[in-house]
Amino acid sequence: MSIENISQHKSFGGWHKQYKHKSDVLNSDMRSAIYLPPCAAEGVDVPVLYWLSGLTCTDENFMQKAGAHRVAAELGIAIVAPDTSPRGEAVADSPDYDLGQGAGFYLNATEAPWNRHYRMYDYILNELPEIIQNAFPVNNARSISGHSMGGHGALTIAYKNPGLFKSVSAFSPITNPSECPWGEKAFSAYLGKEKKEWLNYDACALISSGGVAIPTLIDQGLGDEFLSNQLKPEALLSAADKAGISLELRTHEGYDHSYYFIATFIEEHLRFHAVHLKSNDS
């Protein structure tokens, strides 16, 4: 599949590049960004961290605001940041910020009209990594991270496919979407009214069903305005405790839901992933 470079900027000795490509899975054009560390230009195949952003975001938010390039350059890790949904005039949308374009929720929609384009789960899991593998000097080692809706996506994709990811992390993730307003609204539209279908994309339910075995790091700000009614980290911790699954959930006084929070702790997340991405030959 051909990809078209639409911008590039040198950063900490490496390159931040934006690309556009046709997605067969999403039946639309997609835009994604990649940061390639300096060693990628020296014949070194590097591991990849996939970053999934939250509601209303594009590929640009993380790359411009998180301050991740310096540490990624040092560690020799590529970062791939896709858009948060398919887009375009032919793509179903909603006037609400938390449904439709910019709010793909990293699932495969089964309900019309969403099922024609909204298959972000398959896109992130299969199509995008294949494109990255074919176009850039990367190896087979991958980890995944994200924020809010993207934290939900990172956790569920990793927990459903632990053999494909070395590690997973999240900032302020929607941990129990089948039991919160954001998730109930999106899942009803994309997946229908049958709640048992929702559990396939609920991190708490996936942990409770067993089979999850992947290093997990989660950071949550205690000043987050969405903490109690949307994010529910205590539900994830309870599910993990009951299932006997180890995960690290760190809480931080005063921090909110913004990129100021992400920028504060992104270095620790990158170093966490680096340990696992480079734990053995890939």
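The basis for the numbers below is simple: all heavy atoms, side chains too, and nothing from hydrogens, waters or symmetry mates. What you see is a predicted model, and the numbers here were worked out from it, not measured in a lab.
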Legend entry - Heavy-atom check, side chain of Val91 versus side chain of Tyr118, under 4.5 Å: yes
Legend entry - Separation between CG of Leu36 and NZ of Lys10, rounded to the nearest 0.5 Å: 12.5 Å
Legend entry - Check: Leu206 main-chain N/O paired with Ser209 side-chain donor or acceptor under 3.5 Å: yes
Legend entry - Shortest non-hydrogen separation from Pro37 to Gly76 and the atoms involved: CG-C, 3.7 Å
Inset, instruction - Please check if the side chain of Asp96 supplies one atom and the backbone of Asp98 the other of a donor-acceptor pair under 3.5 Å. - result: no
Legend entry - Distance (rounded to the nearest 0.5 Å) between Tyr19 OH and Ile34 CD1: 7.5 Å
Inset, instruction - Measure centre to centre between the rings of Tyr255 and Phe171, then say whether the value is under 6.0 Å. - result: no
Legend entry - His257-Phe261 aromatic ring centre distance below 6.0 Å: no
Compile the donor-acceptor pairs under 3.5 Å between side chains in residues 236-249 and protein atoms, sequence neighbours left out, one pair per line.
none

Legend entry - Reference residue Pro177; test side chain to side chain contact (heavy atoms under 4.5 Å, CB included); the match among Trp182, Trp198, Phe187: Phe187
Considering only distance and modelled atom types, tabulate donor-acceptor pairs under 3.5 Å from the side chains of residues 103-116, sequence neighbours left out.
| residue | atom | partner | partner atom | Å |
| --- | --- | --- | --- | --- |
| Tyr106 | OH | Ser53 | N | 3.3 |
| Tyr106 | OH | Ser53 | O | 2.8 |
| Asn108 | OD1 | Asp122 | N | 3.2 |
| Asn108 | ND2 | Asp122 | OD1 | 3.0 |
| Asn108 | ND2 | Asp122 | OD2 | 3.2 |
| Asn115 | ND2 | Thr110 | O | 3.4 |

Inset, instruction - Apply ring-ring contact (aromatic ring centres under 6.0 Å, His included) to the pair His147 and Phe62, showing each step before the final yes or no. - result: CA-CA 9 Å; His147 171 233; Phe62 176 82; 9.8 Å; no
Inset, instruction - Check whether Leu199 and Ile207 end up in the same hydrophobic cluster, where Ile, Leu, Val, Met, Phe, Trp and Tyr are linked by side-chain heavy atoms less than 4.5 Å apart. - result: no
Legend entry - From Cys57 atom SG to Met149 atom CE, the distance as rounded to the nearest 0.5 Å: 7.5 Å
Legend entry - Over 12 non-hydrogen atoms of neighbours within 6.0 angstrom of CD in Glu253: no
Legend entry - Side-chain heavy-atom pair Phe272, His276 within 4.5 angstrom cut-off: yes
Legend entry - Ionic contact status for Glu268 with Arg250, cut-off 4.0 Å: yes
Legend entry - ILVMFWY cluster, Val80 and Ile6 together (side-chain gap under 4.5 Å): no
Inset, instruction - Kindly work out whether a path of hydrophobic side-chain contacts (I/L/V/M/F/W/Y, heavy atoms less than 4.5 Å apart) joins Ile262 to Leu217. - result: no
Legend entry - Any Ser145 side-chain heavy atom under 4.5 Å of Trp51 side chain: yes
Inset, instruction - Measure the shortest side-chain to side-chain distance between Lys17 and Ser7 over non-hydrogen atoms and say whether it is less than 4.5 angstrom. - result: no
Legend entry - Residue pair Ile266, Val71: steps toward the side chain to side chain contact (heavy atoms under 4.5 Å, CB included) verdict: CA-CA 9 Å; Ile266 190 62; Val71 182; over 6 Å; no
Inset, instruction - May I ask you to decide if Ser178's main-chain N or O and Asp202's side chain share a donor-acceptor pair within less than 3.5 Å? - result: yes
Inset, instruction - Given side chain to side chain contact (heavy atoms under 4.5 Å, CB included), test Ile144 with Ile124 step by step and report yes or no. - result: CA-CA 10 Å; Ile144 192 165; Ile124 298 298; 4.2 Å; yes
Legend entry - Separation of Ile157 CD1 from Leu164 CG (nearest 0.5 Å): 11.0 Å
Legend entry - Minimum side-chain heavy-atom gap Leu125-Met120 below 4.5 Å: no
Inset, instruction - State which residue, out of Asn161, Asn200, Thr156, fulfils the side-chain hydrogen bond (donor to acceptor under 3.5 Å, both in side chains) condition with Tyr121. - result: Asn161
Inset, instruction - Rounded to the nearest 0.5 Å, what's the gap from CZ on Arg70 to CG on Leu75? Could you check? - result: 9.5 Å
Legend entry - Exam field: side chain Thr175 to backbone Lys232, donor-acceptor pair closer than 3.5 Å: yes
Inset, instruction - Flag yes if more than 12 heavy atoms outside Tyr260 fall under 6.0 Å of its OH atom; otherwise flag no. - result: no
Inset, instruction - Under the side chain to side chain contact (heavy atoms under 4.5 Å, CB included) rule, collect the residues that match up with Ser11, sequence neighbours excluded. - result: Tyr35, His69
Legend entry - Hydrophobic cluster identity match, Ile3 and Val46, side-chain contacts under 4.5 Å: yes
Inset, instruction - Without swapping roles, check the side chain of Gln8 against the backbone of Trp15 for a donor-acceptor pair under 3.5 Å. - result: no
Legend entry - Sub-4.5 Å side-chain heavy-atom contact between Pro173 and Ile218: yes
Legend entry - Sidechain-backbone polar pair: Thr251 side chain, Leu222 backbone, donor-acceptor under 3.5 Å: no
Legend entry - Any side-chain heavy-atom pair of Ile174 and Leu231 under 4.5 Å: yes
Inset, instruction - Using the six-membered ring of Tyr201, assess whether NZ or CZ of Lys160 lies under 6.0 Å from its centre and within 45 degrees of the ring axis. - result: yes
Legend entry - Heavy-atom pair with the smallest gap, counting every atom of Ser167 and Ser143: OG-OG, 2.7 Å
Legend entry - NZ/NE/NH1/NH2 to OD/OE distance under 4.0 Å, Asp29 and Lys20: no
Inset, instruction - Determine the minimum heavy-atom distance between Ser32 and Pro82, stating which atoms define it. - result: OG-CA, 3.5 Å
Legend entry - Heavy-atom pair of closest approach, residues Asn139 and Pro47: OD1-CA, 3.3 Å
Legend entry - Closest heavy-atom pair and its distance - Ala78, Val138: CB-CG1, 4.5 Å
Inset, instruction - Check whether any side-chain N or O of Tyr190 sits under 3.5 Å from a backbone N or O of Gly100 as a donor-acceptor pair, and report yes or no. - result: yes
Inset, instruction - Step by step, work out the side chain to side chain contact (heavy atoms under 4.5 Å, CB included) result for Arg87 and Ser85. - result: CA-CA 6 Å; Arg87 298 183 191 264; Ser85 78; 4.0 Å; yes
Inset, instruction - Would you tell me whether His269 and Ser169 have side-chain atoms, one donor and one acceptor, within less than 3.5 Å of each other? - result: yes
Legend entry - Side-chain heavy-atom pair His16, Gln64 within 4.5 angstrom cut-off: no
Legend entry - Value rounded to 0.5 Å, distance of CD in Gln101 from OG in Ser28: 8.5 Å
Inset, instruction - Would you sort out whether Leu155 and Thr216 count as a side chain to side chain contact (heavy atoms under 4.5 Å, CB included), showing the intermediate values? - result: CA-CA 8 Å; Leu155 292 173; Thr216 302; 4.1 Å; yes
Legend entry - Shortest non-hydrogen separation from Leu191 to Glu197 and the atoms involved: CD1-O, 4.1 Å
